[in-house]
> 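Sharing a structure with you now.
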Amino acid sequence: MARYEITAPGGGYDEEIAGVRFTAGRATAEDPAPGALLYFRRHGYTVAPLDDLSPTSLQNAPGDKTAGQRRSRARKE
């Protein structure tokens, strides 16, 4: 089970967005839908994992390209 703290950009929302319930612009999501984390990151939300994740589990986090999934753009010579 993966848990995330999600903070809305510049607002104290009290609503459900992408299946996650926000109160005063903050939410804790347990196993959010794969597209939800992508949606939040694309729209300026702060998404922070709450679980103690190892580097291996970070590579498999849904939608998390900041944890080892980026490919190097270095040219081979």
Side-chain angles (χ1 to χ4, degrees):
M1 172 171 52
R3 293 179 333 125
Y4 297 88
E5 179 180 58
I6 304 167
T7 305
Y13 304 113
D14 289 325
E15 61 185 306
E16 187 170 315
I17 302 169
V20 177
R21 181 76 190 149
F22 284 81
T23 302
R26 303 182 80 107
T28 300
E30 291 186 12
D31 290 329
L37 295 179
L38 291 172
Y39 172 88
F40 292 129
R41 287 185 176 113
R42 260 192 315 241
H43 290 89
Y45 290 73
T46 301
V47 177
L50 292 176
D51 301 323
D52 183 20
L53 300 174
S54 68
T56 303
S57 63
L58 281 175
Q59 289 178 356
N60 297 322
D64 187 1
K65 292 198 176 200
T66 61
Q69 290 183 351
R70 287 188 182 149
R71 295 190 180 181
S72 174
R73 294 184 183 244
R75 294 183 189 166
K76 292 183 182 179
E77 295 183 28

> What are the two closest heavy atoms between Arg41 and Val47, and how far apart are they?
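Smallest interatomic distance, heavy atoms only, reads NH2-CG1, 3.6 Å.
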> Rounded at 0.5 Å granularity, tell me how far CD1 in Ile6 sits from CG in Leu37.
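The CG atom of Leu37 is 6.0 Å from CD1 of Ile6, to the nearest 0.5 Å.
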> Taking all non-hydrogen atoms of both residues into account, name the closest pair between Ala27 and Val20 and its distance.
CB-CG1, 3.5 Å
> Give every residue pair that meets the side chain to side chain donor-acceptor pair (under 3.5 Å) criterion with at least one member in residues 20-39, sequence neighbours excluded.
Glu5-Arg26
> Which heavy atom of Tyr4 sits nearest a heavy atom of Pro49, and at what distance?
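Minimum heavy-atom contact is CD2-CA, 3.8 Å.
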> I need the minimum non-hydrogen distance between Pro9 and Gly44, along with the two atoms involved.
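Reported closest heavy-atom pair: CB-O, 3.5 Å.
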> I'd like to check the ring pair (Phe, Tyr, Trp, His ring centres under 6.0 Å) partners of Phe22; sequence neighbours left out, ordered by chain and number.
Phe40, Tyr45
> Check Ala36 against Ala18 and note the closest heavy-atom contact, atom names and distance.
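Taking every non-hydrogen atom into account, CB-O, 3.8 Å.
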